[in-house]
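Just so it is clear, the structure is predicted and the values come from calculations on it, not from any experiment.
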Amino acid sequence: MRPDPASAAAARLACRTTVAPTAGMAPGFTQCNMISLPRDWAWDFLLFAQRNPKPCPVLDVTDPGSFESALAPGADLRTDIPLYRVWRDGVLANEVPDATRAWAEHPDLVTFLIGCSFTFETPLQAARIEVRHIAQGCNVPMYLTNRACRPAGRLHGPMVVSMRPIPADRVAEAAMITGRFPAVHGAPVHVGEPRSLGIADLSRPDFGDPVDIRDGEVPVFWACGVTPQAAVMASKPPFAITHAPGHMFVTDIPDSTWQV
């Protein structure tokens, strides 16, 4: 059954007034990470994404100065995300629920919408695999790793991963389900021991919130679209606007669009 387009529009309207993570919102619709950079940094980022497709699968790129996307006609990229981050010289300057004023500082911004793993959570739930951060009503836990992305131009930095606890006897099934969605990160990049990724303590995520891991469950890690923010911190472009981790742009595109 095709999901109701009104639910995506309603989710975006809610995002304008509610600062909350978007996991579980508008089930069946694609969600996107976002990064906007001045035009003279756009080529570097496009090359960075091409060289690192697992954490940075690009779904749309705007013209310079545009705040509209073909993924959600009529939506406004400056206002339709619950929470934005404004970066200056690689340092987080502030978080705002409306990026219109920051956007006006650079009329040549190029925006990249990047696939988000929230998109494949609906198929996981349809298979009766619990998505813990949705069940607990919190943000997904995300971690910086010791895996360096392939540099591109002036951009470099580590890969970021999101984590979901999965019952050990269902890990293969979860990997198979998510592997059908390569445009939104696809299959996991790591299963099990977090120290192999340089993660010392799962209860202290670098972004998002910790979640319970129960007996018989295994931590499973997917590449994460917060990776561009790690690149901003490492590479220090003069200006950038991103979504706040876990606060995504909800599109009008059914998640089944990306299934292969």
Side-chain angles (χ1 to χ4, degrees), residues 5-23 25-26 29-46 48-49 55-88 92-119 139 155 160 183-185 207 224-232 237-255 257-258:
S7 66
R12 288 194 296 275
L13 181 61
C15 287
R16 295 184 183 186
T17 57
T18 305
V19 177
T22 55
M25 292 182 68
F29 285 97
T30 303
Q31 297 197 28
C32 293
N33 303 274
M34 188 203 82
I35 181 169
S36 299
L37 292 160
R39 182 174 184 169
D40 69 334
W41 281 77
W43 171 253
D44 287 22
F45 185 80
L46 188 62
F48 182 83
C56 301
V58 174
L59 302 186
D60 194 22
V61 185
T62 70
D63 292 327
S66 175
F67 45 82
E68 299 180 348
S69 169
L71 299 180
D76 191 325
L77 293 170
R78 303 169 301 178
T79 59
D80 288 349
I81 291 174
L83 191 63
Y84 299 82
R85 287 184 156 190
V86 180
W87 303 83
R88 302 183 190 279
L92 179 61
N94 59 329
E95 291 188 332
V96 293
D98 185 326
T100 303
R101 181 176 296 181
W103 211 283
E105 294 182 35
H106 287 269
D108 64 343
L109 288 177
V110 177
T111 298
F112 297 83
L113 293 175
I114 296 166
C116 172
S117 59
F118 288 177
T119 302
N139 204 350
L155 289 171
V160 177
V184 293
H185 303 306
F207 314 95
C224 179
V226 176
T227 296
Q229 297 184 42
V232 167
F239 185 82
I241 301 173
T242 69
H243 70 292
H247 300 72
M248 306 299 173
F249 179 64
V250 180
T251 77
D252 292 343
I253 308 299
D255 54 26
T257 303
W258 314 109

Asks: Kindly compute the distance separating CG (Asp108) from CH2 (Trp41), expressed to the nearest 0.5 Å.
Replies: 13.5 Å

Asks: Look up atom NE2 in His243 and atom CD in Gln229, then write down how far apart they are to the nearest 0.5 Å.
Replies: 5.0 Å

Asks: Listed by chain and number, what are the salt bridge (charged side-chain N to carboxylate O under 4.0 Å, His left out) partners of Arg88, not counting sequence neighbours?
Replies: Glu105

Asks: Please walk me through it: do Phe29 and Asp255 pass side-chain contact (heavy atoms from CB on, under 4.5 Å)?
Replies: CA-CA 5 Å; Phe29 285 97; Asp255 54 26; over 6 Å; no

Asks: Among all residues two or more places apart in sequence or in another chain, which pass the side-chain contact (heavy atoms from CB on, under 4.5 Å) test with Ala244?
Replies: Leu83, Arg85, Glu95, His247

Asks: What's the verdict on side-chain contact (heavy atoms from CB on, under 4.5 Å) for Leu113 and Leu77, showing C-alpha distance, side-chain angles and the deciding distance?
Replies: CA-CA 10 Å; Leu113 293 175; Leu77 293 170; 4.1 Å; yes

Asks: So, does Thr227 use its side chain to make a donor-acceptor pair with the main chain of Val160 at under 3.5 Å?
Replies: yes

Asks: Go through it in stages, so that I can follow the logic: the residues are Val110 and Leu37, the test is side-chain contact (heavy atoms from CB on, under 4.5 Å), and I'd like the CA-CA distance, side-chain angles, deciding distance and then a yes or no.
Replies: CA-CA 5 Å; Val110 177; Leu37 292 160; 5.9 Å; no

Asks: Contact between Leu59 and Leu71 at the side-chain level, heavy atoms closer than 4.5 Å - yes or no?
Replies: yes

Asks: Please list, chain by chain and in numerical order, all residues satisfying ring-ring contact (aromatic ring centres under 6.0 Å, His included) with Phe67, sequence neighbours excluded.
Replies: none

Asks: Calculate, to the nearest 0.5 Å, the distance between atoms CG and SG belonging to Asn33 and Cys224 respectively.
Replies: 6.0 Å

Asks: Let me know which of Ile81, Thr251, Ile253 forms a side-chain contact (heavy atoms from CB on, under 4.5 Å) with Cys32.
Replies: Thr251

Asks: Taking all atoms of both residues into account, what is the closest heavy-atom pair of Phe118 and Ala23, and its distance?
Replies: CE1-N, 3.4 Å

Asks: Out of curiosity, Ile114 CD1 to Met34 CE, how far, rounded to the nearest 0.5 Å?
Replies: 9.5 Å

Asks: For residues Thr119 and Gln31, report the shortest heavy-atom separation together with the two atoms involved.
Replies: OG1-N, 3.0 Å

Asks: For a 4.5 angstrom cut-off between non-hydrogen side-chain atoms, does Pro254 reach Thr30?
Replies: no

Asks: How close do Gly115 and Val184 get, heavy atom to heavy atom, and via which atoms?
Replies: CA-CG1, 3.9 Å

Asks: Between Ile35 and Thr111, does the side-chain contact (heavy atoms from CB on, under 4.5 Å) criterion hold? Intermediate values first, please.
Replies: CA-CA 6 Å; Ile35 181 169; Thr111 298; over 6 Å; no

Asks: Within the 4.5 Å heavy-atom criterion, are Pro228 and Cys56 side-chain neighbours or not?
Replies: yes

Asks: Can you name the salt bridge (charged side-chain N to carboxylate O under 4.0 Å, His left out) partners of Asp60, sequence neighbours left out?
Replies: none

Asks: Measuring from Asp252:CG to Ser69:OG, what's the distance to the nearest 0.5 Å?
Replies: 9.0 Å

Asks: Heavy atoms only: give me the nearest Ile241-Tyr84 pair and the separation to one decimal.
Replies: CG2-CD2, 4.1 Å

Asks: Phe112: which residues meet the ring-ring contact (aromatic ring centres under 6.0 Å, His included) condition with it, sequence neighbours left out?
Replies: Phe45

Asks: Tell me the closest heavy-atom pair linking Leu155 and Ala231, and the distance in Å.
Replies: CD2-O, 4.4 Å

Asks: Which atom names give the shortest non-hydrogen contact between Pro245 and Val226, and what distance separates them?
Replies: CB-CG2, 3.9 Å

Asks: Between Asp80 (side chain only) and Phe249 (backbone N and O only), is there a donor and an acceptor less than 3.5 Å apart?
Replies: no

Asks: Ignoring hydrogens and angles, tell me if any N or O in the side chain of Glu68 forms a donor-acceptor pair with the backbone of Pro73 under 3.5 Å.
Replies: no

Asks: In chain order, what residues pass the side chain to side chain donor-acceptor pair (under 3.5 Å) check against Trp103, with sequence neighbours excluded?
Replies: none

